[in-house]
Each structure stands twice: as C-alpha cells, then as structure tokens.
Amino acid sequence: MNLPRIFRRPARRSFLLVLGCLAWGTVARAEEQLQSPNKQLTLSVDLAADGVPTYRLSYKGKPVLNASRLGLELQGTPSLTNGFVQTSAERKSIDESWNPVWGEVKSIRNHFNELAVTLTQPATKRVMRVRFRLFDDGLGFRYEFPRQPELAYFVVKEEKTQFALNGDHKAFWLPGDYDTQEYSTTTSNLSQVRGLMKQAVTGNASQHTFSPTGLQTPLMLKRPDGLYVNIHEAALVDYSCLSLELDDQNFVLNAHLTPDAQGNKGNLQTPCQSPWRTIIVSDKAADILESKLVLNLNEPSKIKDTSWIKPTKYVGVWWEMITGKSSWSYTNMENIKLDSIDYSTVKPNGTHGATTAHVKEYIDFAAQHKLDGVLVEGWNIGWEDWFGKHKDYVFDFVTPYPDFDIEELNRYAHSKGVKLIMHHETSGSARNYERHLEDAFDLMNKYGYDAVKTGYVGDVLPLGEFHYSQWLINHYNYVLEKAAEHRIMVNGHEAVRPTGLARTYPNLIGNEAARGTEYEAFGGNNADHTTILPFTRLIGGPMDYTPGIFETKVSAYNPSNNSFVHSTLARQLALYVTMYSPLQMAADLPETYNKFLDAFQFIEDVPVDWDDTHVLEAEPGDYITIARKGKGTNNWFIGSTCDENGRTSTIDLSFLERGKKYEATIYADGPGAHYEKNPQAYAIRKLTVTSKTKLRQLCAPGGGYAISVVAK
C-alpha cells in the first residue's frame with residue numbers, strides 16, 4: 001500500500017518493537033510521527049530509554065514543546081509512568097463538519113489526523129493508550145485505560161503530563177487555585193512568576209492556592225519570536241481539573257490536578273479516560289481566538305431535541321445588590337433556620353430588591369426594549385445568613401419571600417412576552433442542592449422558567465472538597481444532565497472553568513468562572529482585562545461577563561462605595577461582541593439606561609447568536625477587534641476593546657457582501673473620553689459602507705467602539 005507520508009513509520013520502529021515483544025521484560029524504544037492536515041504542525045511520540053513515554057511538538061519547523069513526559073502516578077500501586085513497550089499504533093484521518101446549537105459560526109470543521117499509541121507495562125501487564133489528535137491549529141491528547149484484569153479500580157496520585165517549553169515565554173497568568181479563577185490576570189515572563197505570585201493572590205470568598213509557581217489553565221503564552229501558545233483541557237468529565245506547576249528553572253509546565261478531601265487526584269474505574277490536554281499554536285493571535293479545537297474534542301450533543309435551547313439577552317435584579325443599593329435578604333435577622341422560621345411574622349428590612357412591584361419594573365423595561373428575560377436574585381428564603389457559616393441546609397430553592405409573588409410575576413412576565421430566569425445560589429453546599437434539585441426544577445417547569453443561574457459562593461460542602469475536584473466536577477455535570485431532562489438551560493457561576501462541554505450539553509448556555517463585571521464594584525478590573533479574557537478564560541467556552549454598565553461610578557448607587565468601572569461607556573457596548581456568549585446581560589439599572597437610550601440601542605440590536613465571525617485584529621493584553629454576522633441575517637456587528645493606552649484601529653470591511661450597501665452606526669468614544677477621567681463621553685454617527693470601505697477609529701484609553709452594519 002502506498003501510504004501518505006504522514007502515515008509512514010520510521011523503519012527502525014518495527015525492528016525495535018519486535019525485539020521488545022520477544023524480550024518481554026525489556027523496554028523497547030519506539031518513535032512515531034504525525035503531521036497536521038496542512039503539515040505545519042509535527043508531533044513526535046517516543047519512548048525514552050527507561051520506557052518513559054514522551055512527545056514533542058513543532059510548528060513550521062520550530063520546536064513548540066521539547067520532549068515532554070507522559071503518564072500517571074498511582075496511589076498504592078506501581079505507577080503508569082515508565083517501563084512501557086509500545087504494542088500498537090493506530091492512525092486515522094477525519095474531515096467532517098457539524099453545526100452547533102448556538103455559537104460564533106454556523107458550521108464548524110473538525111479536521112484532524114489521529115495517532116493512538118498503545119503502551120504495555122510488561123512487569124505489571126497493564127495497558128495504557130495515549131490518543132493524539134493533530135489539527136491545523138493545535139494538538140489534543142488524552143489517556144485511555146481499557147477494561148483489563150490487571151487494572152480495574154485505581155487512584156490517581158498525580159498526573160505526570162509535561163509541557164516542556166523552549167524558553168522564558170511571556171505569560172498571561174492566574175495563580176493556581178483549587179477554588180477560584182476570580183483573579184486579575186498578571187502579565188509577565190515565566191521567570192517572574194515566583195516573584196509576582198504574592199501580589200497576584202488577592203482575597204476571595206473561597207480560595208486555595210497550592211504553589212508559588214502554580215498556574216491555571218487556559219494559559220496564554222507568547223514567545224519572543226512571535227509564536228502564540230495556549231494550553232488548556234477539553235471534555236472535563238469524571239476527573240479533576242487541570243492546573244500547571246511551573247518549573248521556572250527549566251521552563252517546564254507540569255500537570256497538577258485538584259485533590260479531593262483525602263488528597264487524592266482521582267478515583268477511576270476502567271474502562272475510562274482522562275480529559276484531553278490541549279495546545280493551540282499559531283503565529284497569529286487572531287487564530288487563537290478563532291480556534292475551535294477545544295469544542296471539536298468534545299462529544300456531540302447528548303440532547304436530541306434542542307429546540308428549547310434559546311440564546312438569551314436579559315436584564316436583572318442583580319447590579320443593585322452588587323453595588324449595595326439594595327439587598328438579597330428580606331430581613332436583617334441572623335442565625336436563620338429554614339425549618340423553624342415564619343417569614344410572614346418578621347420585620348422586613350426595607351432594602352430587599354426582589355419585590356413583586358420592583359421586578360415588574362424590570363419586566364416592563366425588558367418588554368419595551370425587546371429583551372428576552374429578567375433574572376431575579378434574592379427571591380427565595382434564606383439569604384439572611386447564607387454565606388460563611390458552612391451551613392448545609394442553607395436554601396430550599398422553592399420557597400419565595402413574602403414580598404415575591406412567584407405566581408403573579410410569572411403571569412405578568414408571560415403576558416409581556418418576557419420570561420423570568422431562576423436563581424439558585426447554593427453557598428457551596430452542593431449536596432444540599434442535589435437533595436432539592438428535582439423539586440427545584442419541578443417548580444421551574446410549573447411556572448415556565450427555562451433557565452437557571454446557579455452559584456457556588458464560599459467553601460464547598462462536603463467540607464474538604466474543592467470547587468475543581470472530581471466530586472464537584474461530577475456534581476456540575478449531574479446538574480446539567482438533570483436540567484436537560486427538565487428542558488432547562490444552565491448558567492453556572494463559581495463553577496469550574498469551561499472545557500468545551502457545551503457541545504455535549506448545549507443547555508450549558510453560560511458560565512462565570514473568572515473575574516467578571518461584579519468586581520468593578522469591588523475595587524475594579526484592570527483596563528486591559530477584557531483584552532486578555534478572550535485569550536484565556538473564553539478558550540473553553542462563553543462567559544456570562546455581565547457587561548453594559550453605563551453609570552461607571554458605583555457611588556451613584558451606593559455613596560459609601562467609591563469603586564468605578566474601568567471602562568468607557570462605548571467599550572461596554574463593544575463587549576457584547578468581543579466577549580462572546582449566547583447569554584448576555586444588560587447589567588445596569590433601567591433608570592440609568594433610560595438616560596442613555598441612544599447608546600442602549602446597540603444593546604437592543606446586537607444578536608446573541610451568530611452565523612460567522614472574523615477576528616479583525618488582536619494582541620493579548622492590548623486590543624481585540626471582532627466582527628460577527630447575526631444568525632439568519634446579512635447584518636454585521638463589530639466590537640473593539642483596548643487597554644489603558646488607547647489606540648487607533650483600521651477596520652477593513654472586505655468581509656461584507658460585495659456589491660451591497662450597508663448603513664453603519666458607530667458608537668465610539670467621544671472627544672476627551674478616558675476610562676478614569678471621562679468615561680461617559682461617547683459619540684454616535686451613521687455612514688454608508690461597502691466591502692471596499694476601510695475605517696479608522698479611535699479607542700480612548702480603556703475604551704472601545706461598537707458598530708452595527710445593517711444591509712440596506
């Protein structure tokens with residue numbers, strides 16, 4: 001058979017493999033090579049002299065990863081790290097397309113060459129397979145453990161995967177933590193991580209850092225030669241979350257899994273597999289943002305009928321509580337026990353936000369401006385002492401406060417063509433949520449709620465578990481599965497960072513898992529924050545970032561809070577395009593939007609589902625400009641966000657349909673705009689454009705712009 005070159009094996013491998021099989025107690029040396037479909041990426045898989053599996057990756061002839069170890073260290077039994085011989089190597093090539101239920105593009109190409117290397121430990125007779133998939137934009141690989149007599153149940157002490165870099169790269173990093181991703185990104189060389197770690201770790205409701213050189217994924221790197229490398233994971237199921245331990249002497253990133261309450265990293269039973277480890281590579285930053293590698297490594301949708309899953313734009317009773325203008329709780333009492341309190345007999349505090357009359361105001365605003373839904377937080381009993389007490393029975397998820405008429409509000413909302421979005425805060429008590437989950441979802445079905453925002457603020461119960469340990473990973477996925485049975489969409493906050501699982505469960509319509517807009521009321525986010533998140537957090541899936549804050553001085557709502565939003569008003573509009581999500585919140589208060597209805601028009605017009613996306617320009621930490629085509633339309637929307645330095649961008653509109661004229665409405669930073677000094681200065685102008693048009697547009701410091709391009 002005349003095989004393509006990528007499927008040819010080095011001649012010496014066959015001889016050595018036979019030799020190793022004949023001498024069953026010895027270690028055979030093997031090497032396999034694989035190229036990406038466009039031949040720009042090359043993978044080499046080898047066995048070191050002591051039977052240690054390793055891999056190397058190069059791009060356009062330049063090394064991306066040097067020889068990096070593979071394997072798992074096990075608890076109480078010989079580890080799967082060395083002493084291997086290669087017993088088979090299977091190859092295939094896949095080129096197919098699939099259509100996401102919602103997304104940035106209408107169709108996604110899944111094109112890769114695959115190499116599955118089966119390794120056997122002669123001393124233990126155990127088998128481990130490593131499956132590699134090489135795409136044009138990167139590599140994914142995972143461990144697979146077939147059903148076998150010698151390996152049935154096992155405990156992972158640590159995964160020994162390495163990513164051996166070839167130098168001191170620039171990194172956009174978060175401190176490694178088992179419980180939170182809500183840190184500001186630090187930008188530095190890897191050699192500077194240790195010295196900067198202390199100041200990078202800021203306070204959080206629940207946190208557990210593990211090392212002075214521990215880092216989270218997705219980790220975005222840029223080499224001195226301009227090569228971009230992104231490291232993450234895909235399809236995180238029945239396994240603990242991956243972090244990275246930096247060896248800052250040799251610039252090697254070592255896998256570090258989140259432990260459980262006993263300190264173990266995973267309890268597995270064969271047949272089983274690990275999540276995919278992913279490396280996205282390009283010499284263009286825009287390619288990193290456009291990559292669909294993580295999605296492609298997830299399984300197709302397990303939900304057959306997805307007609308009920310709808311991208312959603314919403315407002316909510318939320319920002320007023322975040323700023324301190326109103327409260328989640330109905331009373332100011334303490335030491336609450338849900339099974340022994342009668343809320344109808346207690347004195348209300350007068351600051352409760354989720355009242356029937358107030359929620360109706362939000363419903364009216366949503367209906368007037370063609371928004372899909374209204375989120376209401378603080379509607380249910382138990383908020384008086386919900387946080388920091390390690391309470392198990394903290395909420396029941398079905399009982400409203402006396403001033404929240406759930407039946408009347410749902411009638412009113414539906415009469416206006418608006419849906420209410422449920423809120424389930426667990427206060428970290430995951431097992432309590434599981435006890436009440438069926439009743440909570442039944443209540444949602446009864447009143448027509450089709451989406452829920454879940455929350456996991458605080459330390460996890462059972463105590464000793466972490467937000468990213470295997471037990472909690474299984475919990476989050478169990479909630480997704482049960483929600484799908486009830487035809488409910490899920491927006492998970494404080495849960496694990498996404499790994500593309502929304503392809504398999506497209507009812508996972510939103511996630512937080514990063515430092516969102518709420519931190520603008522807690523001291524503020526860095527001005528470059530939204531120029532980095534799409535390269536890091538959003539690699540695994542969309543974020544419910546909650547943009548759209550027009551009143552940037554928090555003191556306007558709460559005189560005792562001097563925080564401010566580190567953004568111009570125009571950039572808040574741009575985020576609806578640059579921070580992709582099928583779930584987008586207009587996060588400010590209706591009374592504020594009513595003062596800026598000309599600017600709010602963009603929020604009203606911008607879609608939340610797309611047929612096509614082009615990253616027009618991008619540089620992590622500096623700027624991002626993205627154009628997206630609305631689902632089922634010929635209209636485009638452009639957003640641009642920049643750091644504290646400001647810039648002027650040139651926008652090439654050649655992606656527009658040739659021969660057509662469009663009306664462009666540009667929402668830009670106005671004269672003198674500045675995220676600190678003059679954030680509300682904006683200007684709106686209209687002009688006719690075609691595919692031949694090139695626009696120059698200023699971004700003020702901490703600013704941006706948004707453009708709607710509507711076909712005439």
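Here the structure is a predicted model, which means the values were calculated and not measured.
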What orientation do [X] and [Y] show, parallel under 30°, tilted 30 to 60°, or perpendicular over 60°?
X      : Y      : result
Phe550 : Phe596 : perpendicular
Tyr178 : His256 : parallel
Tyr519 : Phe522 : perpendicular
Phe365 : Tyr593 : parallel

Please report the shortest heavy-atom distance between Gly378 and Trp383, naming the atom on each side.
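It is CA-NE1, 3.5 Å.
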
Flag if over 12 foreign heavy atoms under 6.0 Å of CD, Glu299:
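Result for CD/Glu299: open.
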
CE/Met422 to OH/Tyr449 distance, rounded to the nearest 0.5 angstrom?
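Met422 CE to Tyr449 OH: 4.0 Å, rounded to 0.5 Å.
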
Answer yes when [X] and [Y] have at least one side-chain N-carboxylate O distance shorter than 4.0 Å, and no when they do not.
X      : Y      : answer
Arg435 : Asp392 : yes
Glu434 : Arg431 : no
Arg487 : Asp450 : no
Arg277 : Glu233 : yes
Lys453 : Glu512 : no

Distance-only polar pair, side chains of Tyr557 and Asp588, donor-acceptor under 3.5 Å:
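Checked: Tyr557/Asp588 side chains pair up, N/O donor to acceptor below 3.5 Å.
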
Is a donor from one side chain sitting under 3.5 angstrom from an acceptor on the other, for Asp544 and Tyr314?
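Judged by distance alone, the side chains do pair up.
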
